[in-house]
Amino acid sequence: MKLLITAGPTREPLDPVRFLSNRSSGKMGYALAEEAAARGHEVTLISGPVALQPPKNAQVVRVVTAADMLAAVKLHLKKCDVLIMAAAVADWRPARVGKRKMKKGGAQRLTLELQPTPDILKSIGKLKGRRIFVGFAAETHNLRAEAKRKLREKNLDLIVANDVTVPGAGFEVETNCVTIFDAQSEEQWPLLAKRDVAERILDRIEDLGKF
Ligand code: CTP
């Protein structure tokens, strides 16, 4: 099958030297890309800024902002049958981006005005067709309710949710502890290496697609 996988954070610039971002390392998305390519699938990986080696046998497209990632997803989705949105897309970007470095100028307080970035999954909902869409949800509370809401609202076939407050799950670590939901069921997996989580996710996708 042909997979489009997104990974890593996005960066939303504030001025030439600063940005808003998040703690995503990209490891989960890269593990998915490695595992899918090792299984012989065709993989395009759209990656935010990360410090990881590119996966073997995958086409890598590098992006910085959420808007760049949306444009790249739109461009590459046409030739793919599966989209896995493992990227931690920044939800907010500065409303104004300074051309010059912002100076302190003796100020005691600074208020930033932010505006929402595009929701990539929602923006491409109409292009879904018969494709399989898989999302991720990193939560600190109400994991089940939030995962089910995102599955429904983003028109996903599967969502992989993890509680980032659990030790060994989520950001900047080699392991993850996730619950995977489809419209009918949920399955909690033990703490596993991200590569093993990737294997299980791909097993589920292959079952869905009967590839
Ligand atoms: N996502 C996306 N575009 C965004 C934000 C998120 O496509 N601007 C995708 C993520 O890649 C992930 C899924 O949507 O697969 C859920 O992301 P998450 O950040 O957990 O959800 P949000 O929609 O941002 O919801 P909330 O802020 O309420 O948690």
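Order of listing sets the numbers, starting from 1, for every ligand and every atom in it.
Ion pair D157/K128 flagged as a salt bridge, since at least one NZ, NE, NH1 or NH2 atom sits closer than 4.0 Å to an Asp/Glu carboxylate oxygen. Salt bridge annotation for R204-E187: present, with a cationic side-chain nitrogen under 4.0 angstrom from a carboxylate oxygen. Between K99 and D15 no salt bridge is recorded (no basic side-chain N to carboxylate O distance below 4.0 Å). A salt bridge does not link R195 to E174: none of the charged nitrogens lies less than 4.0 Å from a carboxylate oxygen.
Screening I205, V43, L158, T6 for a side-chain contact (heavy atoms from CB on, under 4.5 Å) with I84, the sole residue that qualifies is I205.
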Please give the N or O to N or O pairs under 3.5 Å between ligand 1 and the protein, distances rounded to 0.1 Å.
from     : atom 1 : to   : atom 2 : distance (Å)
ligand 1 : 3 (N)  : I120 : N      : 2.9
ligand 1 : 7 (O)  : I120 : N      : 3.4
ligand 1 : 7 (O)  : L121 : N      : 3.0
ligand 1 : 8 (N)  : P118 : O      : 2.9
ligand 1 : 11 (O) : M85  : O      : 3.3
ligand 1 : 11 (O) : A87  : O      : 2.8
ligand 1 : 14 (O) : K154 : NZ     : 2.9
ligand 1 : 15 (O) : M85  : O      : 2.8
ligand 1 : 15 (O) : F136 : N      : 2.9
ligand 1 : 15 (O) : F136 : O      : 3.4
ligand 1 : 20 (O) : K150 : NZ     : 2.7
ligand 1 : 21 (O) : K150 : NZ     : 3.1
ligand 1 : 23 (O) : K154 : NZ     : 2.6
ligand 1 : 24 (O) : D91  : OD1    : 3.0
ligand 1 : 24 (O) : D91  : OD2    : 3.1
ligand 1 : 27 (O) : D91  : OD2    : 3.4
ligand 1 : 28 (O) : R149 : NH2    : 3.2
ligand 1 : 29 (O) : K150 : NZ     : 2.8

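In the hydrophobic clustering, where aliphatic and aromatic side chains (Ile, Leu, Val, Met, Phe, Trp, Tyr) are joined below 4.5 Å either directly or transitively, I124 groups with L4, I46, V61, V63, M69, L70, V73, L77, L83, M85, V89, I120, L121, L127, F133, L143, L151, L156, I159, F181.
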